[in-house]
Amino acid sequence: MSIIETQVTVTLPDGSKRSVDAGTTCADLAKAISPGLYRSAVGAVINGEIGDLYTTLCDGDCVRILTKDNPESLELLRHSSAHVMAEAVQKLFPQAKIAIGPTIEDGFYYDFEIPDHALLPEDLSKIEEEMRRIIKDNQHIVRYQIPDVEKQMKEFVRQGEKFKAELLEEHKDESPTLYLMQDQSGKVVWNDLCRGPHLPNTGHIKIFKLLKVAGSYWRGDEKREQLQRIYATAFWRQSDLDEYLKRLEEAERRDHRRLSKQLDLFSVHDEVGPGLIFWHPNLATVRAIIEDFWRAEHRKHGYQFVYTPHIANEELYKISGHLENYGENMYSAMDIDGLPYRAKPMNCPGHIMIYKSKLRSYRDLPIRMAELGTVYRYERSGVLHGMLRVRGFTQDDSHIFCTPEQLEGEINGILDLMDLMMKTFGYTYKAYLATRPEKYLGTEEQWQAATGALEAALKSRQLNYEIDEGGGVFYAPKIDIKLFDAIGRAWQGPTIQVDLNLPKRFDVSYIAEDGKRHQTVMVHRTVLGSMERFCGGLIEHYAGAFPTWLAPTQVVILPISDRHWDFALKIHNILHVKDIRVSVDDRSETINYRIRDAQVQKIPYMLVVGDKEVELNEIAVRHRHQGDLGTMSLDTFIKRLADEIAERK
RNA sequence: GCCAACGUAGCUCAGCGGUAGAGCAGCGGUUUCGUAAACCGCAGGUCGUGGGUUCAAAUCCCACUGUCGGCUCCA
């Protein structure tokens with residue numbers, strides 16, 4: 001053994017340099033800086049990468065010691081918690097084989113194959129209990145570079161850890177490491193093939209919770225082994241966990257399926273089929289108003305409206321390539337006069353038919369065709385979800401036909417419209433530019449031109465965007481917009497695609513100034529997505545309390561007793577002719593009961609009318625959120641209401 | 001499609017081998033009320049569908065169907 005004693009120099013976060021003995025670990029460094037830092041240290045960031053606390057420092061390293069006050073340390077906490085969970089599961093279910101256990105946003109999971117047991121929710125508390133024991137043991141978590149990969153491989157095979165063996169085989173040339181769990185005597189009680197990093201010991205884990213069991217596939221591939229997954233989370237502070245659980249509860253409270261029952265919004269029927277939505281009057285009202293708004297804004301932005309058939313000879317989808325590339329999502333053919341017809345899965349071929357119905361000149365372009373087009377797509381039964389994932393839906397679909405020179409301007413126009421829509425509904429958003437994937441159609445120049453136009457438009461309006469390298473579809477680069485709702489959840493939003501495929505397949509062209517035929521540039525875009533998904537999302541975004549301009553019922557009049565009915569009816573009629581959605585609740589229930597009912601129905605305004613109001617010819621106004629607003633004249637109220645509706649608040 | 005759980009009155013749920021129960025909603029009365037649930041009564045279910053086990057099935061078993069969570073976040 002010949003350890004050469006030398007010094008290495010490292011840089012600390014404040015920029016200062018420190019000279020330490022070679023072989024010094026981050027832990028030693030922390031101890032040298034201050035005993036307090038050492039006690040609270042759980043890891044380190046070395047040259048920008050999170051690492052173990054016991055990582056040996058190299059000359060020139062930039063080091064920052066991580067404590068639980070650093071947000072990055074949650075990664076360590078959760079990753080180590082995943083190991084503890086896996087150790088607990090294998091202790092309780094010796095047949096369990098471990099797959100992978102990464103950290104994810106808000107927590108972590110671990111996948112297992114347990115041949116002799118299906119995990120039940122009840123098992124979670126048992127596993128938690130076992131985890132607590134492991135944590136109490138304060139096992140050391142030690143990084144161990146595998147000296148002999150072949151030997152370790154055999155060991156995994158002997159243990160039946162086939163997933164770990166497969167992973168080791170895959171990473172054998174990357175100096176693979178195990179993370180060992182050692183008890184206080186130094187005995188290795190558990191290990192996992194893992195690249196780390198991890199906490200120095202299990203004692204740091206205090207606040208964790210197993211959340212749910214779920215199914216998954218090894219490597220996400222449905223042809224491979226079906227695994228059982230446990231989702232869980234861990235935090236440093238109880239208050240953080242409480243807050244997280246509260247967020248989950250809030251999401252549940254806003255669930256559109258739950259609110260639908262309470263507010264009578266939509267239904268799905270076994271007799272009819274899954275994924276097919278029935279819009280009840282309340283939600284149909286909301287939709288109709290959104291559609292009116294949508295039409296008005298599209299008209300302003302130079303769109304023309306079209307309607308296309310819901311079924312078509314499948315020849316159309318052969319030409320478009322949908323049958324070939326999208327056939328799995330299309331419903332099977334029906335026989336009409338001996339010819340196969342299909343329910344339409346997309347609106348684009350139909351719009352192209354309209355475009356191609358006559359010769360187009362460059363002077364005609366751009367042509368912006370818009371349709372609230374209902375389409376039917378086969379979605380696998382397991383993915384259906386309320387209104388958010390369905391089999392029949394109406395897209396706010398548009399196709400823009402233009403010249404290459406017009407493309408950037410058109411993208412800009414779409415972004416304008418999108419921005420207006422999102423602001424109106426109170427969403428914030430973020431843009432992603434998805435570029436050419438590995439498999440693609442068209443030429444490199446076409447991709448460059450199309451992607452360039454998309455990016456130029458984003459840049460010109462100084463919109464913040466991220467590049468999603470290779471994230472485009474095979475026939476088009478695109479801009480995807482991600483929405484963030486009232487509680488910060490992300491939703492799939494508008495999308496803009498420059499199609500490099502259909503114009504060619506359908507020979508979509510125009511006559512240019514040079515008198516020659518040129519291929520038309522075609523852009524697909526949707527701003528709301530589908531009415532189903534958008535309205536479903538809106539329900540959750542607003543927690544069922546639609547803003548006044550959208551509310552199915554905007555005002556309910558509550559006469560105190562039946563001698564006030566005439567007055568109530570008079571108010572009702574005045575509001576009704578002003579196009580206010582108003583009703584009178586003259587049920588023989590107490591006023592408190594009817595107020596409560598209106599509150600639960602989230603009706604924006606309640607007008608209470610009794611002796612005082614009749615005498616003064618006024619109304620007592622109650623707002624669903626602000627409560628009693630006092631008495632005012634009907635004119636004052638109408639003005640307030642009209643302003644609110646005009647402002648779409 | 002696959003794995004797991006679930007399906008009882010309009011809604012939320014209890015019952016888990018002896019032939020179905022509550023609260024709310026609904027309907028009929030009484031009450032005529034001042035800012036989040038008045039009182040009394042009535043009615044409502046072939047317990048998702050089909051088959052099996054049993055003297056007896058909502059309850060146990062099988063199949064189907066639907067709902068719900070998950071199946072991308074790489075050792």
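The sequence lines fix the lettering, A, B, ..., with proteins before strands; numbering per chain opens at 1.
The base of B/G34 lies close enough to the side chain of A/E613 for a donor and an acceptor atom to sit less than 3.5 Å apart. For a distance-only test at 3.5 Å, the side chain of A/R622 qualifies as a donor-acceptor partner of the base of B/A36. At a cut-off of 3.5 angstrom, counting only N and O atoms as typed in the model, there is no donor on one side facing an acceptor on the other between the side-chain of A/Y217 and the base of B/C3. Within 3.5 Å, a donor on the side chain of A/D562 pairs with an acceptor on the base of B/U32, or the reverse.
Among B/C71, B/C73, B/A37, the nucleotide with an atom closest to any side-chain atom of A/V383 is B/C71. Here the side chain of A/E589 is nearest to one of B/G66, B/C33, B/A38, namely B/A38. The side chain of A/H385 lies closest to B/G69, out of B/A37, B/G69, B/G1. The side chain of A/Y231 has B/G70 as its nearest neighbour among B/U32, B/G70, B/G1. Side-chain proximity of A/V608 to B/A75, B/C71, B/U35: nearest is B/U35. With B/G34, B/A37, B/C2 as the candidates, the nucleotide lying closest to the side chain of A/D611 is B/G34. Among B/A75, B/G34, B/G69, the nucleotide with an atom closest to any side-chain atom of A/L167 is B/A75. If you check B/U35, B/G66, B/C2 against the side chain of A/I595, the one that comes closest is B/U35.
Regarding contacts with the backbone of B/A38, a side-chain N or O of A/T590 is found under 4.0 angstrom from either OP1 or OP2. When the side-chain nitrogen and oxygen atoms of A/S381 are compared with OP1 and OP2 of B/G1, one or more of them lie within a distance under 4.0 Å. Distances shown here put every side-chain N or O of A/R594 at or beyond 4.0 Å from the OP1 or OP2 atom of B/A36. Checking the phosphate oxygens (OP1, OP2) of B/U32, no side-chain nitrogen or oxygen of A/Y593 falls inside 4.0 Å. The phosphate of B/A75 has neither OP1 nor OP2 within less than 4.0 Å of any side-chain N or O from A/Y179. Taking side-chain N and O atoms only, A/R587 has no distance below 4.0 Å to OP1 or OP2 of B/A37.
In this structure, A/P176 reaches the bases: a heavy-atom distance under 4.0 Å links it to at least one base atom across the strands shown. Using a 4.0 Å heavy-atom cutoff across all strands shown, A/R195 reaches at least one base atom of the nucleic acid. Across all strands shown, A/G630 has no heavy atoms under 4.0 Å from either base or sugar-phosphate atoms. Residue contacts shown for A/I591 are limited to sugar-phosphate atoms, with no base heavy atom under 4.0 Å away. Among the heavy atoms of the strands lying under 4.0 Å from A/G220 are primed sugar atoms or P, OP1, OP2 only; no base atom is included. A/I100 comes within contact range of the sugar-phosphate backbone alone, with a heavy-atom separation under 4.0 Å but no base atom that close. Residue contacts for A/A598: at a heavy-atom cut-off of 4.0 Å it reaches no nucleic acid atom on any strand shown. Within the nucleic acid shown, A/K612 comes within 4.0 Å of at least one base atom, counting heavy atoms only.
Under the 4.0 Å criterion applied to side-chain N and carboxylate O atoms, A/K97 and A/E225 are not assigned as salt-bridge partners. Here A/R158 pairs with A/E155 in a salt bridge; the nearest charged N to carboxylate O distance falls below 4.0 Å. Of the charged side-chain nitrogens involved, at least one lies within less than 4.0 Å of a carboxylate oxygen, so that A/R254 and A/E250 count as a salt-bridged pair. The pair A/D221-A/R219 does not count as a salt bridge, with every side-chain nitrogen at least 4.0 angstrom from each carboxylate oxygen. Salt bridge absent: A/K482 and A/E466 never bring a charged side-chain N and a carboxylate O closer than 4.0 Å.
B/A5 and B/A63 have their P atoms separated by 13 Å, given to the nearest Å. A distance of about 16 Å separates the P atoms of B/C68 and B/C6, rounded to the whole Å. To the nearest whole angstrom, the two C1' atoms, one in B/G7 and one in B/G45, are 14 Å apart. The P atoms of B/G15 and B/U59 are separated by 15 Å, rounded to the nearest whole Å. Straight-line distance between the P atoms of B/G23 and B/U32: roughly 26 Å, to the nearest whole Å. B/G28 and B/G44 have their C1' atoms separated by 14 Å, given to the nearest Å. Between B/G66 and B/U8, the two C1' atoms lie 15 Å apart (nearest whole Å). Look at the P atom in both B/U65 and B/U49: the space between them is 15 Å, to the nearest Å.
Pair assignment for B/A58: none, as no Watson-Crick or G-U wobble contacts are both less than 3.5 Å. In this structure, B/G23 forms a base pair with B/C11, meeting either the Watson-Crick or the G-U wobble geometry with both donor-acceptor distances under 3.5 Å. Nucleotide B/U46 is matched to nothing when pairs are restricted to Watson-Crick or G-U wobble geometry with both distances under 3.5 angstrom. Pairing of B/A4, defined by two Watson-Crick or G-U wobble distances under 3.5 Å, is not identified with any nucleotide.
In this entry the distance linking CG of A/L263 with P of B/U12 reads 14 Å, nearest Å. Summarising the geometry, the separation between CG on A/L119 and C1' on B/G70 is reported as 13 Å, rounded to the nearest angstrom. Rounded to an integer number of Å, the gap from A/E252 CD to B/U67 P is 19 Å. Rounded to whole Å, atom C1' of B/G7 lies 17 Å from atom NE2 of A/H269. Going from atom CG of A/D106 over to atom P of B/U72 covers 18 Å, rounded to whole Å. Taking atom OH on A/Y109 and atom P on B/G69, their separation rounds to 19 Å, with Å as the unit. Between the CG atom of A/L558 and the P atom of B/U35 there is a distance of 12 Å, rounded to whole Å. Rounded to whole Å, the distance from NZ on A/K223 to P on B/G1 is 16 Å.
Here the closest non-hydrogen pair linking A/A234 and A/R78 is O-NE, 2.9 Å.
Remark: A/R436 fails to qualify as a cation-pi partner of A/F474 under the 6.0 Å distance and 45° angle criteria applied to the six-membered ring.
In terms of position along RNA chain B, the nucleotide closest to A/Q228 lies nearer the 5' end than the nucleotide closest to the other residue of the pair A/D628 and A/Q228. Annotation: of the two residues near RNA chain B, A/V268 and A/K261, the 5′-most nearest-nucleotide partner is A/K261.
A donor atom on one side chain and an acceptor atom on the other are found under 3.5 Å apart for A/Y605 and A/E644.
Looking at A/Q90, A/E87, A/Q139 one by one, the single match for side-chain hydrogen bond (donor to acceptor under 3.5 Å, both in side chains) with A/W190 turns out to be A/Q90.
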Stepwise salt bridge (charged side-chain N to carboxylate O under 4.0 Å, His left out) test for A/R594 and A/D597: CA-CA 5 Å; A/R594 286 174 288 150; A/D597 203 49; over 6 Å; no
